[in-house]
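Heavy-atom basis, side chains included; hydrogens, waters and symmetry copies ignored. All chains are named by letter (A, B, ...) in the order of the sequence lines, taking the proteins before the strands, and each is independently numbered beginning at 1.
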Number of protein chains: 2
Amino acid sequence: MPDGYTEEGAAAYFALMEVGELLKHHVEQQFRRDGGLSYVQFRVLAHLLDHDGRLRMTDLADGVVYSRAGLTYQASILEKEELITRRPSAEDERATIVELTNLGRERLAAIIPGHVALVAHELFGQLSESDIATMADVLTRVRTHLRTVPPRSIASRRKTRPK
Amino acid sequence: MPDGYTEEGAAAYFALMEVGELLKHHVEQQFRRDGGLSYVQFRVLAHLLDHDGRLRMTDLADGVVYSRAGLTYQASILEKEELITRRPSAEDERATIVELTNLGRERLAAIIPGHVALVAHELFGQLSESDIATMADVLTRVRTHLRTVPPRSIASRRKTRPK
DNA sequence: TATTGTTATACTCTATAACTATA
DNA sequence: TATAGTTATAGAGTATAACAATA
């Protein structure tokens, strides 16, 4: 058995996974209630907002960690609701530029305050500032480690089980 | 804005959610590879193992946090693979007792060592013992807080948005 | 040839509602 | 009446492979 496996480690792992799931469930409901968006859809819009409101499909797919086909599916829904637009890129005509519309920004604005309040209540509710600081530090390190894998949009290049 | 929202808090939240997702993705692949089970299916079997190998459907659904209908779907798959059995309860003939078979135990045994190794590597890899202790403490507290909601198997009783 | 994005398709998972049987 | 479980069904999300267009 590799070292690192302890009762406390197991407790941390189980709690981490369950907290992630429960929190996601709460957040999903809030997204749906306040903005009629699914979890993924919110993330797509939020990621656009974080990148000046425009990104290429592939970059957006990598950012939100989805396959390009999966993003095309979500993008067509969001486009139908006029929360984003899609148009060919001027520099590279293969590429599609996704752009957040004003309606998309409004939708985010309708969701974000409640989202912040929810997380503040559910997650930070009973935690001290030093707890939060430790969590941020520790989890950021783990995330960096976990990210050491190729993005999914080029997953077809992997060599495992080509079948 | 509610207090509790800080840059560090946001960092902790985003990292928490992403770590949960990435870790789940890695773990899912390992379950599939080493035992041909999905994430949920593993959890169903593992939850049974944690309860002397037998539980009623409803209790199993609550334990794994799924609707009864969803569990019936998974149970029929697991039963077909002979990893569990289902039979009516003797005390309450409405109830179904789910029982882990030897094959089910073997399947778990084929998965668990790799699972432990994976988590030890991916999650605990670069964390100190005190980091882990803090995580266990903090996240257990949050989990307790988040669990303050009725289990999903009786979700039909809620009074919000009866529609 | 490689890359971008879309389409077609199939599959997994989940939830709702209707139903049966038992308490 | 209420509870346990199943079934039917519908919907969301994801992945794979094949494809067209462009680099």
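The list of ring-ring contact (aromatic ring centres under 6.0 Å, His included) pairs with a residue in residues 99-122 of chain B, not counting sequence neighbours, reads A/Tyr13-B/His115, A/His145-B/His121, B/Phe31-B/His115, B/Phe42-B/His115.
Of the residues in residues 35-44 of chain A, those placing a heavy atom less than 4.0 Å from an atom of DNA chain D are A/Ser38, A/Val40, A/Gln41, in numerical order. Annotation: proximity of residues 69-82 of chain B to DNA chain C (heavy atom, distance under 4.0 Å) is found for B/Ala69, B/Tyr73, B/Gln74, numbered in ascending order.
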Distance-only donor-acceptor pairs under 3.5 Å for side chains of residues 100-114 of chain B, two or more places apart:
{"residue": "B/Thr101", "atom": "OG1", "partner": "B/Glu82", "partner atom": "O", "Å": "2.7"}
{"residue": "B/Thr101", "atom": "OG1", "partner": "B/Leu83", "partner atom": "O", "Å": "3.1"}
{"residue": "B/Thr101", "atom": "OG1", "partner": "B/Leu103", "partner atom": "N", "Å": "3.4"}
{"residue": "B/Thr101", "atom": "OG1", "partner": "B/Gly104", "partner atom": "N", "Å": "3.0"}
{"residue": "B/Arg107", "atom": "NH1", "partner": "B/Gly35", "partner atom": "O", "Å": "2.7"}
{"residue": "B/Arg107", "atom": "NH2", "partner": "B/Glu81", "partner atom": "OE1", "Å": "3.4"}

Do any side-chain atoms of residues 70-78 of chain B form donor-acceptor pairs under 3.5 angstrom with protein atoms, and if so which ones, sequence neighbours left out?
{"residue": "B/Thr72", "atom": "OG1", "partner": "B/Arg68", "partner atom": "O", "Å": "3.1"}
{"residue": "B/Gln74", "atom": "OE1", "partner": "B/Gln41", "partner atom": "NE2", "Å": "3.0"}
{"residue": "B/Ser76", "atom": "OG", "partner": "B/Thr72", "partner atom": "O", "Å": "3.2"}
{"residue": "B/Ser76", "atom": "OG", "partner": "B/Tyr73", "partner atom": "O", "Å": "2.8"}

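Atom C1' of nucleotide D/dA23 and atom CZ of A/Arg56 are separated by 11 Å, given to the nearest angstrom. Rounded to an integer number of Å, the gap from A/Arg86 CZ to C/dT7 C1' is 12 Å. Rounded to whole Å, atom P of C/dG5 lies 11 Å from atom CG of A/Leu55.
With sequence neighbours excluded, no residue forms a side-chain hydrogen bond (donor to acceptor under 3.5 Å, both in side chains) with A/Glu93. Considering only residues two or more places apart in sequence or on other chains, A/Glu79 meets the side-chain hydrogen bond (donor to acceptor under 3.5 Å, both in side chains) condition with A/Arg86. In terms of the side-chain hydrogen bond (donor to acceptor under 3.5 Å, both in side chains) criterion, residue partners of A/Asp131 (sequence neighbours excluded) are, by chain and number, A/Ser128, B/Arg141. With sequence neighbours excluded, the residues forming a ring-ring contact (aromatic ring centres under 6.0 Å, His included) with A/His47 are A/His51, listed by chain and number.
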Listed pairs, N/O of protein and of nucleotides 19-21 of chain C, under 3.5 Å:
none

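Using a 4.5 Å cut-off between side-chain heavy atoms of Ile, Leu, Val, Met, Phe, Trp and Tyr, B/Ile97 forms no hydrophobic cluster with any other residue.
Overall, the helix from C/dT1-D/dA23 to C/dA23-D/dT1 carries an axis bend of 0° between its ends, with five pairs at each end and the value rounded to 10°.
OP1 or OP2 of C/dA15 sits under 4.0 Å from a side-chain N or O of B/Ser67. Neither OP1 nor OP2 of D/dT6 sits under 4.0 Å from any side-chain N or O of B/Arg68.
Checked against B/Glu21 for a salt bridge (Lys or Arg N to Asp or Glu O under 4.0 Å), the options A/Arg143, A/Arg43, A/Arg147 give a single hit: A/Arg43.
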Inset, instruction - Evaluate salt bridge (Lys or Arg N to Asp or Glu O under 4.0 Å) for A/Arg54 paired with A/Asp52, printing each intermediate quantity in order. - result: CA-CA 6 Å; A/Arg54 54 168 61 193; A/Asp52 299 316; over 6 Å; no

